[in-house]
Amino acid sequence: MTDCKKIAGLLFPDCTKTPDDYEALYPPRVLPEGAMVTRFAPSPTGFMHIGNLFSCLIDRLAAGKNGVFYLRIEDTDKKREVAGAIDAILSGLAYFGIVPDEGMSGETTETGEYGPYKQSLRRDIYACFAKSLVEKGLAYPCFCSEEEIAALRERQEKQGVTPGYYGEWACCRSLSDEQIEENLRQGKPYVLRLRSFGSEDKKIFVDDKIKGKLEMPENVQDIVLLKTDGIPTYHFAHAVDDHLMRTTHVVRGDEWISSLPVHIQLFQALGVKPPKYVHIAPIMKLDNGNKRKLSKRKDPESAVSFYVQQGYPAEGVVEYLMTLSNSNFEDWRKANRNAPLSDFPFTIKKMSASGALFDQAKLEDICKEVISRFSADEVFSRVFAWAKNEDEELFRLMDSDPDKARAIFAIDRGGAKPRKDMARWNMAKQYMAYFYDELFAAEDAMPENIAADDRSAILTQYAGVYDEADTKDEWFAKIKALCEPLGFSPDVKAYKKNPDAYKGHVGDVSSVIRVAVTGRRNTPDLYEVMKVLGKDRVLARLQNAR
Ligand code: GLU
């Protein structure tokens, strides 16, 4: 290729703009000193990995209020595209309180001055930059068919050399202008390749903000920039976009580190400064004693949708991810119980270079803690919203009597020592079940140490004295009063001193009542529980359990 300008004109006859036009259209952003511009750049495949959510959280925190976090959709691979994926990404992020400042805001809508934010709408831009690379002699058309590429690979394998389209193996590198023109005249399909200027014995150096100094051999491959249909590859499109959208920091999973030599070379070829890199270590899992990445195929908990479906409160998941991001987060949280996350002095510098282990038990503990601080109203509306999508039966029950559901959640809540027994909204049904006859079941057996006759007597006598209007003291006094005539001690200490003198103590008596009324041995405050159940239901259950 000798007359690069001419070939560029032949390859891109419709391209009238120059890179300078786009530089003017998307000028450097005017932001306060040090403000970061970050992005989430997913393909719309319909799957969001928990690692993606983690990197979005970092993107969001790093950009803060002064910077910009935007959403760009990388839809260059139409085969992998799933309808509705952009809305799903946005609602997934929104569930966790992460809202991009600009970029795609719906399947077809966007905000911001640096768009379009969907790669399929940026063909002209890629064509213009591709053309400029051809003009500079840094890209060329390659007419090799798939068969020819496969044959090349075979030859390389036989000879034991690095596979790929590069150096002397790259036969279309040296096509003459006439050959190119002839091929174009014949309508031969072609891809556009980078004319790599890398050398295997030279290195690239990247100062990654998490991984530190990285050193890798330069790229030598003539990678594809535009496919036969003119659609760019991810590598090329993302370089053009990250530059034009004025991205300052690329935050992404560290599986992309191996692509850095290509990416750095692309930025060099484009004649622009590469962004800074923040490569995040993956979230790991212990599998038979071995550490491995959370896998989309094997681990349901790798999907963000898992947390939504199970009803983990968003705040809990985010808090948990924060503990993975900066190790000082937990101490900060202890000292600042109710402070908003944005007050945390997050810093990329404190992020760990190696993958943290995913600890579901810890996630659940954090979620329990988070839920224990919610008001009854808050719990009600979260469970209600969750049930609407995930549990029709629960939704109907709550909908039929919202005040009752609120009253259930109000038991043992709001005080100094709130219960911490709910980690996710899908535990709510089990938590609430005995309040509804439709769901009530005798889950626990009556205490075995109390004879059937005594149980009946306790329940019969209690039914005779129970009064819904009693105060808590009156209520307890009545249970105590049942004890002696039936051979139980109203006082636990007295019973312990002389256990042979009694059939049991007041705790056993109330346990019989509790199991009769709720079907469980362990419930929140029984007095409150009975109040919510109401007289008719309490009496019916006392009767049924006799
Ligand atoms: N579209 C790429 C992905 O699917 C983005 C990688 C990057 O952040 O550069 O993960």
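These numbers were taken from a predicted model, which means no experiment stands behind them.
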Practice problem: Considering only NZ, NE, NH1 and NH2 on the basic side and carboxylate oxygens on the acidic side, decide whether Arg72 and Asp241 come within less than 4.0 Å. | Solution: yes

Quiz item: Does Lys5 offer a backbone N or O that forms a donor-acceptor pair with the side chain of Glu135 under 3.5 Å?
Solution: no

Quiz prompt | OH on Tyr140 to CG on Leu175, rounded to 0.5 Å | solution = 9.0 Å

Practice problem: Name all residues meeting the ring pair (Phe, Tyr, Trp, His ring centres under 6.0 Å) criterion together with Phe143; count only those two or more places apart in sequence or in a different chain, and write none if there are none. | Solution: Tyr190

Self-check item: Salt bridge Lys285-Glu301, side-chain N to carboxylate O under 4.0 Å
Solution: yes

Practice problem: Could you tell me whether the side chain of Ile125 reaches within less than 4.5 Å of the side chain of Val240, counting heavy atoms only? | Solution: yes

Quiz item: Step by step, would you call Tyr26 with Glu113 a side chain to side chain donor-acceptor pair (under 3.5 Å)?
Solution: CA-CA 8 Å; Tyr26 306 111; Glu113 304 291 314; over 6 Å; no

Quiz prompt | Salt bridge Asp222-Arg173, side-chain N to carboxylate O under 4.0 Å | solution = yes

Quiz prompt | Ring-face cation of Lys296 near Phe47 (centre distance under 6.0 Å, axis angle within 45°) | solution = yes

Self-check item: Approximate separation, where rounding is to 0.5 Å, of Leu266 CG and Asn219 CG
Solution: 8.0 Å

Self-check item: By ring pair (Phe, Tyr, Trp, His ring centres under 6.0 Å) - contacts of Phe12 (at least two apart)
Solution: none

Practice problem: Mind telling me whether Phe267 and His238 have parallel, tilted or perpendicular rings, with 30° and 60° as the class edges? | Solution: perpendicular

Quiz prompt | NZ/Lys276: more than 12 non-hydrogen atoms of other groups inside 6.0 Å | solution = no

Quiz item: Between Asp254 and Lys211, is there a side-chain N and carboxylate O pair less than 4.0 Å apart?
Solution: yes

Quiz item: In Å, rounded to the nearest 0.5 Å, how long is the span from NE2 of His279 to CG of Asp208?
Solution: 6.0 Å

Self-check item: Close side-chain approach of Val37 and Leu31, heavy atoms under 4.5 Å
Solution: yes

Self-check item: Side-chain heavy-atom pair Gln310, Glu390 within 4.5 angstrom cut-off
Solution: no

Quiz item: Has the side chain of Lys388 got a donor or acceptor atom that lies under 3.5 Å from a matching backbone atom of Val383?
Solution: no

Practice problem: Could you tell me whether Arg60 and Asp101 have a side-chain N and a carboxylate O separated by less than 4.0 Å? | Solution: yes

Self-check item: Backbone N/O of Cys15 and side chain of Lys131: donor-acceptor pair under 3.5 Å
Solution: yes

Practice problem: With the side chain counted from C-beta on, respond yes when Glu218 and Gln268 share a heavy-atom pair under 4.5 Å apart, and no when they do not. | Solution: no

Practice problem: Without swapping roles, check the side chain of Ser302 against the backbone of His49 for a donor-acceptor pair under 3.5 Å. | Solution: no

Self-check item: Side-chain (Asp391) to main-chain (Leu394) donor-acceptor, under 3.5 angstrom
Solution: yes

Quiz prompt | Ion pair check, Lys420 and Glu369, cut-off under 4.0 Å | solution = yes

Quiz item: How long is the gap from CZ on Arg252 to CG on Asn52, to the nearest 0.5 Å?
Solution: 13.0 Å

Exercise. Could you check if a side-chain atom of Leu321 sits within less than 4.5 angstrom of a side-chain atom of Ile283, using non-hydrogen atoms only?
Key: yes

Practice problem: Using the ring of Tyr165 (Phe, Tyr or Trp, six-membered ring only), decide whether Arg193 places NZ or CZ under 6.0 Å from its centre and within 45 degrees of its axis. | Solution: yes

Quiz item: Hey, are Glu378 and Arg373 close enough for a salt bridge, meaning a charged N less than 4.0 Å from a carboxylate O?
Solution: no

Quiz item: Under a 4.5 Å cut-off applied to non-hydrogen side-chain atoms, are Gln221 and Val262 in contact?
Solution: no

Exercise. Could you tell me if the ring centre of Phe69 sits under 6.0 Å from that of His249?
Key: no

Quiz item: At what distance, to the nearest 0.5 angstrom, does CG of Leu226 lie from CZ of Arg123?
Solution: 8.5 Å

Quiz prompt | Sidechain N-carboxylate O distance under 4.0 Å for Arg292, Asp299 | solution = yes

Quiz prompt | Any donor-acceptor pair under 3.5 Å from Thr247 side chain to Asp242 backbone | solution = yes

Quiz item: Is there side-chain contact between Leu90 and Val99, with at least one heavy-atom pair below 4.5 Å?
Solution: no

Exercise. Decide, yes or no, whether a salt bridge links Arg382 with Glu315 under the criterion of side-chain N to carboxylate O below 4.0 Å.
Key: yes

Practice problem: Decide yes or no for Lys209 and Tyr277: does some side-chain heavy atom of the first lie under 4.5 Å from some side-chain heavy atom of the second? | Solution: no

Practice problem: Could you tell me whether Phe344 and Phe329 have their ring centroids closer than 6.0 angstrom? | Solution: yes

Quiz item: Any salt bridge between Arg246 and Glu23, counting N to O under 4.0 Å?
Solution: yes

Quiz prompt | Step-by-step side chain to side chain donor-acceptor pair (under 3.5 Å) determination, Tyr234 to Ser43 | solution = CA-CA 10 Å; Tyr234 150 73; Ser43 302; over 6 Å; no

Quiz prompt | Pair Phe358 + Tyr320: ring centers closer than 6.0 Å | solution = yes

Quiz prompt | Flag if over 12 foreign heavy atoms under 6.0 Å of NZ, Lys78 | solution = yes

Quiz item: Quick one: CG on Leu260 to OG on Ser258, what's the gap to the nearest 0.5 Å?
Solution: 8.0 Å

Quiz item: Are any of the side-chain nitrogens in Lys17 or Asp124 under 4.0 Å away from the carboxylate oxygens of its partner?
Solution: no

Self-check item: Side-chain donor-acceptor contact under 3.5 Å, Glu74 with Gln119
Solution: yes

Quiz item: Under 3.5 Å, side chain of Asn66 to main-chain N/O of Ala35, donor-acceptor pair present?
Solution: no

Practice problem: Mind checking ring pair (Phe, Tyr, Trp, His ring centres under 6.0 Å) for Phe129 and listing every partner two or more places apart, or none if nothing turns up? | Solution: none

Quiz item: Should the pair Lys334-Glu330 be classified as a salt bridge under the 4.0 Å nitrogen-to-oxygen rule?
Solution: no

Quiz item: So, the side chain of Arg333 versus the backbone of Arg337: is there a donor-acceptor pair under 3.5 Å, distance only?
Solution: yes

Self-check item: Salt bridge flag under 4.0 Å for residues Asp421 and Arg419
Solution: yes

